[in-house]
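Below is one structure, written out as structure tokens; comments come after it.
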Amino acid sequence: MIDVPYDERIPGFVTLVLKQGESHYRDFPWRHTRDPYAVLVSEIMLQQTQVARVLPYWERWLLDFPTLDALAAAPLEAILRAWQGLGYNRRAVALKRLAELLSQQPDGRPAVLPDDDAALRALPGVGPSTAAGVRAFAYGQPSVYLETNVRAVVLHELFADSTEVSDRELLPLLAQAAEFSVASGVEPHVWNCALLDYGAFLKSSRPNPSRRSAHHTRQTRFEGSKRQKRARLLRLVLEVPFVSSEEAARELGGDVEEAIQLLGELQAEGFVVTDGTGWRVN
DNA sequence: ATCCTGGTCT
DNA sequence: AGACCAGGAT
């Protein structure tokens, strides 16, 4: 972290965010649990996906796979089916791997999600934001949780006239604010909820302030993309038990070479396996 | 019909 | 720096 001088605006910023967070508070089911696994699942699902779409998936997921050990024991096929429609299917594969890693406890003890930043970030699919979210919302530990809604708040309040702002500039101020809120006796989950809820409000009421982040990028079109083709192939493999390369090619309306190439990539990422004559879910 | 959104990994 | 998914907004 860059060592920058203490910013005099921090106390006012924290007070304002807490007040705005209260005004725009959103009541999500994952805010009513401290189960680290349930919190982790919400964080992973929310990584790239809107809240409205995550809600039913999160509820269903915890019924189907109530614990890390249940997830570790479940077939990947069931896991990928439960993920269908959420997007970025690699997250489901990573979650399965994570569960398998943690459930390999001696004496068959229940799997435990770590609570420290380094151990969390060493897990597949867990980066800085997800680790910070789990630490605050499951374990009540102070964390610097920089994701898109939080970025919107910091950019709007502390970088109003700047463009191309990098996270390296935002992080020290967010860290100072987090520290101030803790010192003021505010629970880490209350502070981070306030950031998220105020950020979501800002994004809904004006052009997304996160566009002024240096890291903001525009997505390439989905129609006709490789992403779309991968999604179609995975869907096909989940629909029928065994898919030949020719069937896969027909699904894409393309050539067999392309289908084999894409399925090979899906295999390398752990989605599917082949026996040489066709493909099935790993 | 085209545009817009996003955290992690390579 | 660029790839990964999908649905809602415009």
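Below, read A as the first sequence line, B as the second, and so on, with proteins coming before strands; counting in each chain starts at 1. All values below come from the heavy atoms of this structure, side chains included, with hydrogens, waters and symmetry mates left out.
- A straight line from NE2 of A:His216 to C1' of B:dG7 spans 14 Å, rounded to a whole angstrom.
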Expected string for nucleotides 1-10 of chain C under the B/S/- scheme (protein heavy atoms, under 4.0 Å, primed atoms plus P, OP1, OP2 as sugar-phosphate) is --BBBBS---
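- Between the P atom of B:dT5 and the CZ atom of A:Arg206 lies a distance of 15 Å, rounded to the nearest Å.
- Taking atom P on both B:dG6 and C:dT10, the two are 15 Å apart, rounded to the nearest angstrom.
- Counting to the nearest Å, the C1' atom of B:dC9 and the CZ atom of A:Arg97 are 12 Å from each other.
- Within the 4.0 angstrom heavy-atom criterion, no nucleotide atom of any strand lies near A:Ser225.
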Hey, can you pull the donor-acceptor pairs under 3.5 Å for the side chains in residues 87-95 of chain A, sequence neighbours left out?
{"from": "A:Arg91", "atom 1": "NE", "to": "A:Tyr88", "atom 2": "O", "distance (Å)": "3.3"}
{"from": "A:Arg91", "atom 1": "NH1", "to": "A:Ile44", "atom 2": "O", "distance (Å)": "3.0"}
{"from": "A:Arg91", "atom 1": "NH1", "to": "A:Met45", "atom 2": "O", "distance (Å)": "2.9"}
{"from": "A:Arg91", "atom 1": "NH1", "to": "A:Thr49", "atom 2": "OG1", "distance (Å)": "3.3"}
{"from": "A:Arg91", "atom 1": "NH2", "to": "A:Thr49", "atom 2": "OG1", "distance (Å)": "2.9"}
{"from": "A:Arg91", "atom 1": "NH2", "to": "A:Leu86", "atom 2": "O", "distance (Å)": "3.3"}
{"from": "A:Arg91", "atom 1": "NH2", "to": "A:Gly87", "atom 2": "O", "distance (Å)": "2.8"}

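- In this structure, the CG atom of A:Asp167 is 13 Å from the C1' atom of B:dT8, given to the nearest Å.
- Phosphate proximity of B:dG6 to A:Asn149: absent, as no side-chain N or O sits under 4.0 Å from OP1 or OP2.
- A:Thr130 pairs with exactly one of A:Gln47, A:Arg121, A:Glu43 by the side chain to side chain donor-acceptor pair (under 3.5 Å) rule, that one being A:Gln47.
- At a threshold of 4.0 angstrom between heavy atoms, the contacts of A:Leu123 are confined to the sugar-phosphate backbone, with no base atom among them.
- Here A:Asp116 does not pair with A:Arg135 in a salt bridge; the nearest charged N to carboxylate O distance is not below 4.0 Å.
- Open room surrounds CZ on A:Arg218; 12 or fewer heavy atoms of other groups in view lie less than 6.0 Å from it.
- When rounded to the nearest whole Å, the span between NE2 of A:His215 and C1' of B:dG6 equals 13 Å.
- Among the atoms of the strands shown, only primed sugar atoms or phosphate atoms (P, OP1, OP2) are found under 4.0 Å from some heavy atom of A:Arg151.
- Counting any heavy atom pair closer than 4.0 Å across all strands shown, A:Arg91 reaches no nucleic acid atom.
- Ring centers of A:Phe65 and A:Trp61: under 6.0 Å apart, within the cut-off.
- Sparse packing is recorded around CD of A:Glu22, with 12 or fewer heavy atoms of other residues, nucleotides or ligands lying under 6.0 Å away.
- In this structure, A:Arg212 atom CZ and B:dT5 atom P are separated by 13 Å, rounded to whole Å.
- Under a cut-off of 6.0 angstrom, the local environment of CD in A:Glu100 is crowded, with over 12 non-hydrogen atoms contributed by other residues, nucleotides or ligands.
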